[in-house]
Amino acid sequence: MKELVNKLKGDRVIWSFVALLALFSFMPVFSASSNLAYIGHGTGNTLGYLVKHLAHICIGFLIIYWVHKVPYHYFRAISKIALPVVWFLLLYTLLKGTVIAGANASRWIQVPFIGITFQTSTLAAIVLFIFVARYLSKTKDSNEPFQVSLIQLWLPVFITLALILPANFSTTALIFAMVIMLTFIGKYPLKYIGFIIGSGVAMLIFFLLVAKAFPDSRFFSRVSTWESRIMNFTTDKPDEDDYQIEKAKIAIASGRLGGLGPGKSVQKNFLPQSSSDFIYAIVVEEYGLVGGVSILLLYLLLLFRFVIASHKANTLFGKLVVVGLGFPMIFQAMINMAVAVELLPVTGQTLPLISSGGSSIWMTCFSLGIIISVTKKEEEIAEEQQDKERRKEALQRLIDKELSEEDLPADEIYKEEGMYSIEDNSGNPMNAVLNK
């Protein structure tokens, strides 16, 4: 175990907080999955969902380990190449979205031959944030004209957002807000940021007007859902979302200070998304105010650690990558908690590292791997480089030895190896062996 811990590089505090959140997630997921178990096979046995969540977490930590070994500046070039690939995946998602369990699932695609679903917008967000950080770090001293940045920076941003918007407004709004924050931290001119915000609002209004003109189009099918959620949030009109909020509020009120105890939630049997979107309500019901505040503090401490990691980064690109990948994770958690207590309308945002779901956990772990790669110390990077050089030298020695043996005649090889025969004409047949 100690040897494994020593192999982990980067900020150990971030490793610790991530491990705590992941370990805590098992009890709420195990408890809250009973609703899915009854719907799925009618037995209420949640062991399968626990094993599935364990597999997702284990794969997630393997992703963190593999990614954190990669020098973070490699992702600078990868983001530019990956962005067109992400656009293709988002477009494919819009065209091939299907209905799963009665819900519009056009934000997911099914991976061929594996059977798992994957939310492409999560990958798109990571690639876009790294792309924006790359541009801002590249142009920090060049003072490029606004017209150039419109083409090189904002056109890719708006293309990505336009492909996510029809299926997922909350994710689009979160990504846009984080990009604006990233450009502000990257010292992009404020007057241009104001123009971009105005342009984004104008594009959203145009999208809504087109949706009103073509209400039967599948590309605008989610607009009515957004409207109803906002209207129901501002009024007392009952509907399905209001039902979920009421059950979440009952769960939170039932928890009181110490909670009902692990696995003793009642509202998990009535909340449709108790193991994902509304898992925070189940946490508070079972672990009380103490558990809910503890989770909130863990996320805030993780945010504080991201700030420290960004401050310590050696390059502007590293600073912006930590902010661009770390802050959205924390804001997503805050949005999930705010929805559970009815501070925000229902959005469908999961609780990072705690909610069940494969792609959300894996993409969160991918982001954490890049962040931890940024936090690696210079001596750790030098040690990794030395190990890499030693492996290359050892491999080269093996290759040189093989080549030298291929160049020698057979009798020379035998001579070097000291081949001999045990054949002997003396009286004692063991002399050859004994003498050797």
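None of these values were measured; they are calculated from a predicted model.
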With distance as the sole test, does [X] use its side chain to make a donor-acceptor pair with the main-chain N or O of [Y] at under 3.5 Å?
X: T183; Y: V179; value: yes
X: T172; Y: L165; value: yes
X: H68; Y: K9; value: yes
X: E342; Y: I245; value: no
X: S373; Y: Y72; value: yes
X: K187; Y: K140; value: no
X: S310; Y: F306; value: no

Spacing of [X] atom [atom1] and [Y] atom [atom2] [to the nearest 0.5 Å]:
X: L289; Y: I252; atom1: CG; atom2: CD1; answer: 10.5 Å
X: L325; Y: I371; atom1: CG; atom2: CD1; answer: 5.0 Å
X: I59; Y: L54; atom1: CD1; atom2: CG; answer: 9.5 Å
X: N336; Y: S276; atom1: CG; atom2: OG; answer: 8.5 Å
X: S294; Y: L301; atom1: OG; atom2: CG; answer: 10.5 Å
X: L303; Y: L297; atom1: CG; atom2: CG; answer: 12.0 Å

Check whether any side-chain heavy atom of [X] lies under 4.5 Å from a side-chain heavy atom of [Y], and answer yes or no.
X: H53; Y: S25; result: yes
X: W362; Y: T122; result: no
X: F169; Y: L204; result: yes
X: S149; Y: Y188; result: yes
X: I130; Y: R76; result: no
X: F158; Y: F176; result: yes
X: S274; Y: Q267; result: no
X: L123; Y: S359; result: no

Which heavy atom in [X] sits nearest to a heavy atom in [Y], and how many Å separate them?
X: I126; Y: M363; answer: CD1-O, 3.4 Å
X: C365; Y: L353; answer: SG-CD2, 4.1 Å
X: I175; Y: S121; answer: CD1-O, 4.4 Å
X: G292; Y: Y280; answer: O-OH, 3.0 Å
X: I151; Y: P156; answer: O-CD, 3.4 Å
X: G263; Y: K268; answer: O-NZ, 3.1 Å

Item checked: Y287 vs F24, ring pair (Phe, Tyr, Trp, His ring centres under 6.0 Å): CA-CA, chis, key distance, verdict -> CA-CA 11 Å; Y287 300 93; F24 179 80; 5.3 Å; yes
Does [atom1] in [X] sit with more than 12 non-hydrogen atoms of other residues, nucleotides or ligands closer than 6.0 Å?
X: F26; atom1: CZ; answer: yes
X: K138; atom1: NZ; answer: yes
X: F146; atom1: CZ; answer: yes

Note to self: Quick one, T171 with Q349, criterion side-chain hydrogen bond (donor to acceptor under 3.5 Å, both in side chains). Give me CA distance, side-chain angles, the key distance, then yes/no.
What the structure shows: CA-CA 8 Å; T171 299; Q349 297 294 327; 3.1 Å; yes
Assess, by modelled atom type and distance only, whether the side chains of [X] and [Y] contain a donor and an acceptor separated by less than 3.5 Å.
X: S356; Y: S275; value: yes
X: S31; Y: E286; value: yes
X: E285; Y: S265; value: yes

Item checked: Pair F270-I250, side chain to side chain contact (heavy atoms under 4.5 Å, CB included): steps then yes or no -> CA-CA 11 Å; F270 304 100; I250 293 173; over 6 Å; no
Next item on the list: Run the numbers on V290 and L257 for side chain to side chain contact (heavy atoms under 4.5 Å, CB included), then give the verdict.
Entry: CA-CA 6 Å; V290 174; L257 182 62; 4.2 Å; yes
Notebook entry, point to check: Can a cation-pi geometry be assigned to R134 and F317, taking NZ or CZ under 6.0 Å from the six-membered ring centre and within 45° of the ring axis?
Noted result: no
Next item on the list: Could you give me the CA-CA distance, side-chain angles and deciding distance for D11 and I372, then say whether side chain to side chain contact (heavy atoms under 4.5 Å, CB included) is met?
Entry: CA-CA 6 Å; D11 195 317; I372 293 173; 5.7 Å; no
Note to self: Before we go on, tell me: are the rings of Y299 and F17 under 6.0 Å apart, centre to centre?
What the structure shows: no
Item checked: Worked check of side chain to side chain contact (heavy atoms under 4.5 Å, CB included) between V86 and L128 -> CA-CA 9 Å; V86 164; L128 186 63; over 6 Å; no
